[in-house]
Every structure is written in C-alpha cells, then in structure tokens.
Amino acid sequence: MNIPQKVIDICNFLEEKKTEDIVVCDTTKMHNVADFFVIATGNSSTHINGICDYLEEKARENNFPSLEREGFILSTWVVLDFDNVLVHLFTKEEREKYSLQKLLSDGKNEFSLKRINSTLETERKKQEMLEKKKQEEEKRKNNELKKRQEREIKLNKNKEQSSINKRKNSEEIKSDNNERKLNAEKNPEQDEKKLATKKDKTAGVTDNKKMSFGTENMKKRAKK
C-alpha cells in the first residue's frame, strides 16, 4: 500500500464531517483520468454539499485546492477534482445505483479508510520501534565509547604517575649520591680514619684466628 498524504488527508477531512463508507481506489496502473479515486457516502444532498464546502476549505488550508466541483442530479452525486485525486460523494441510493467502486476496483487496489489507518498505525509503530532500537544502539555505543575513554584516561594517569615515580626515585638517588660525594669531599680525613679503623679490625680478627690455631696445635703436641 502506497497512499499519498494528500489522499489520506482528504479521507480524514471526510471522516470529520461524518462521511460514511470511505474507500480509496488506486488507479495508477489503469491509466485513468486520475491516480486515485476517493468514494464516500453522505446522508443527504444537504449533507453532501456541507461535506464539499468543508473539504474545499480544508484543502485550501493545506495547499491543494480543488480545481473543479461538479454536481449531478440535485447534488446526490458530486465530484471534486484535486488534480490527481478525484473525490466522488454519493447518497446511499445513488452509490448503489452507479456502482462506481466496482468499475474501478480489481480487488487489489481498493482500500477502506479503516484499512488505511490500520496500516498507517502499524507503520507508525514499526517506525517507533526502529527509532527506539536506533536510540538504544546509539546509547550502547556511547556507553562503550565512554567506558573506553575512561579506561584510556585511567591508563594514561597510571603511566603518568609511574613516570613521575621513576623520575622522583631517580632524582632521589642522584641527590643521595651527590650528598655522599659532597660529604666525602668535605671530610676526607674522617673517611681515611674510618678506612684505617676498618683495616685494624680486620687485622685483629685475623691475628686472633692465628693465635687460636697455634694454641690448638700446641695442645695436640702435648697430648702426644
């Protein structure tokens, strides 16, 4: 079903004026005088004239004014020409008498207003569902992007902190070495005394070991 908005608007305007049994015939493949025929029933000739006045007014407001209005048999059958759409309004008796709907319909190109509205509602819900899925997918992608960005920010912060810690440790080591060097340059005699003391202690330990070894040998000889 591919019904133009203009045709749908015309049907809705007709329904607003209590027009009955509204039917659309798609004649685009029949090479007829119009692409679409809208056929509907009024309660009386007075009702039909009122419908025509209202329809022409609403059409002008929506920028598709009627090109011509023609009535037959004391307005019991009126035709409104909207360029590619022809609207036929009948009283119930006249509609049954001329059976225009049967002449235009092949069983596949005929659509009631109820069917049109039902199809439109289905399409609307389908579009809403697609839009909802699109929004959900967009939201999911945005959340994934946000999480990825947060992970990257956290990783960069960790790298930056690690670099700062390494630089800080390096500076501390360098500062400690410089301090030791400076102390060594300021107190060379103290360092020499420390070194001499260390050597004396080492020599004392060695002498003690030698004496202990000599004593043990003497004891072994005495026993023999």
Side-chain angles (χ1 to χ4, degrees), residues 1-140:
M1 184 188 299
N2 187 18
I3 307 297
Q5 187 60 46
K6 180 167 76 171
V7 176
I8 295 171
D9 289 341
I10 288 172
C11 290
N12 288 330
F13 298 149
L14 290 173
E15 188 177 42
E16 288 172 5
K17 293 301 288 183
K18 310 298 182 183
T19 312
E20 298 175 356
D21 196 12
I22 302 169
V23 173
V24 175
C25 291
D26 182 352
T27 56
T28 51
K29 296 180 180 180
M30 299 174 66
H31 304 288
N32 216 309
V33 293
D35 293 332
F36 291 90
F37 280 74
V38 179
I39 303 171
T41 301
N43 295 328
S44 63
S45 58
T46 303
H47 184 211
I48 289 174
N49 285 328
I51 294 169
C52 290
D53 293 340
Y54 181 76
L55 185 55
E56 287 176 331
E57 179 184 350
K58 299 299 289 185
R60 282 193 299 270
E61 291 176 1
N62 287 270
N63 299 317
F64 57 90
S66 63
L67 302 179
E68 187 177 1
R69 173 175 174 178
E70 187 173 355
F72 299 92
I73 315 174
L74 300 176
S75 297
T76 55
W77 178 4
V78 177
V79 180
L80 293 174
D81 185 355
F82 294 98
D83 191 17
N84 63 333
V85 182
L86 290 179
V87 178
H88 289 257
L89 296 172
F90 296 92
T91 58
K92 185 176 182 180
E93 293 77 12
E94 292 294 301
R95 182 168 180 171
E96 290 176 353
K97 178 179 178 181
Y98 291 101
S99 300
L100 179 62
Q101 187 173 330
K102 291 182 180 179
L103 295 174
L104 298 173
S105 174
D106 60 4
K108 297 179 180 179
N109 67 335
E110 179 183 322
F111 310 100
S112 66
L113 180 59
K114 183 178 180 180
R115 181 182 173 187
I116 292 171
N117 287 335
S118 176
T119 302
L120 291 174
E121 181 64 16
T122 301
E123 287 295 322
R124 184 185 65 79
K125 289 181 179 180
K126 184 178 178 181
Q127 288 298 322
E128 286 180 354
M129 188 177 296
L130 291 173
E131 185 64 26
K132 185 178 179 180
K133 287 183 178 180
K134 183 179 178 181
Q135 290 175 357
E136 289 175 350
E137 180 66 16
E138 190 70 23
K139 185 178 180 180
R140 184 186 65 80

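These numbers come from the heavy atoms of this one structure, side chains and all, not from hydrogens, waters or symmetry mates. Note that the structure is a prediction, hence the values are computed from the model and not measured.
Nearest heavy-atom pair across C52 and V78 is SG-CG1, 3.5 Å. Taking both residues in full, the closest heavy atoms of I48 and S75 are given as CD1-O, 3.7 Å, listed atom of the first, atom of the second, then distance.
Judged by distance alone, with hydrogens and angles left aside, the side-chain atoms of T27 form no donor-acceptor pair with the main-chain N or O of M30 at under 3.5 Å. In this structure, the side chain of N109 engages the main chain of L104 through a donor-acceptor pair within 3.5 Å. A donor-acceptor pair under 3.5 Å is absent between the side-chain atoms of T91 and the main chain of S45, judged by distance alone. For S105 (side chain) and K102 (main-chain N/O), no donor-acceptor pair under 3.5 Å exists by modelled atom type.
For the atom pair OG1 of T41 and CD1 of I51, the computed distance is 9.0 Å after rounding to the nearest 0.5 Å. How far NZ of K97 is from CH2 of W77: 9.5 Å, rounded to the nearest 0.5 Å. The CD1 atom of I39 lies 14.5 Å from the OH atom of Y98; values are rounded to the nearest 0.5 Å. Interatomic distance, F36 CZ to L86 CG, rounded to the nearest 0.5 Å: 12.0 Å. Rounding to the nearest 0.5 Å places CZ of F82 at 8.5 Å from NZ of K6. Between the CD atom in E20 and the CG atom in N43 there is a gap of 5.0 Å [rounded to 0.5 Å].
Ion pairing of K139 with E136 is absent here, as no side-chain N (NZ or NE/NH1/NH2) approaches a carboxylate O to less than 4.0 Å.
Taking the salt bridge (charged side-chain N to carboxylate O under 4.0 Å, His left out) definition, one finds that E138 meets it with nothing, sequence neighbours left out. Judged as a side chain to side chain contact (heavy atoms under 4.5 Å, CB included), and not counting sequence neighbours, the contacts of E128 are R124. E56 pairs by the side chain to side chain contact (heavy atoms under 4.5 Å, CB included) definition with D53, R60, S66, R69, L80, not counting sequence neighbours. With sequence neighbours excluded, no residue forms a salt bridge (charged side-chain N to carboxylate O under 4.0 Å, His left out) with D83. The side chain to side chain donor-acceptor pair (under 3.5 Å) search around D106 returns none, not counting sequence neighbours. Legend: residues meeting side chain to side chain contact (heavy atoms under 4.5 Å, CB included) with K18, ordered by chain and number and at least two apart, are H47.
Counting only heavy atoms from C-beta outward, the side chains of F111 and T119 never approach each other to under 4.5 Å. Side-chain contact between I8 and Q5: present, with at least one pair of heavy atoms (C-beta onward) separated by less than 4.5 Å. Using a 4.5 Å heavy-atom cutoff, the side chains of N62 and F13 are in contact. Side-chain atoms of F90 and L100, non-hydrogen and from C-beta on, do get closer than 4.5 Å to each other.
Just one residue in the list R95, K92, K114 forms a salt bridge (Lys or Arg N to Asp or Glu O under 4.0 Å) with D21, and that residue is R95.
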**OP:** Output, in order, the C-alpha distance, side-chain angles, deciding distance and verdict of side-chain contact (heavy atoms from CB on, under 4.5 Å) for L14 and L89.
**Re:** CA-CA 10 Å; L14 290 173; L89 296 172; 4.0 Å; yes
Subject >> side-chain contact (heavy atoms from CB on, under 4.5 Å) evaluation trace for N84 with T28 >> reply: CA-CA 10 Å; N84 63 333; T28 51; over 6 Å; no
**OP:** Decide side-chain contact (heavy atoms from CB on, under 4.5 Å) for Q127 and L130; before the verdict, give the C-alpha distance in whole Å, the side-chain angles of both, and the deciding distance to 0.1 Å.
**Re:** CA-CA 5 Å; Q127 288 298 322; L130 291 173; 4.3 Å; yes
**OP:** Apply side-chain contact (heavy atoms from CB on, under 4.5 Å) to E110 and V23, showing your working.
**Re:** CA-CA 7 Å; E110 179 183 322; V23 173; 3.4 Å; yes
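Note: F37 and H88 have parallel aromatic rings, judged against thresholds of 30 and 60 degrees for the angle between ring planes.
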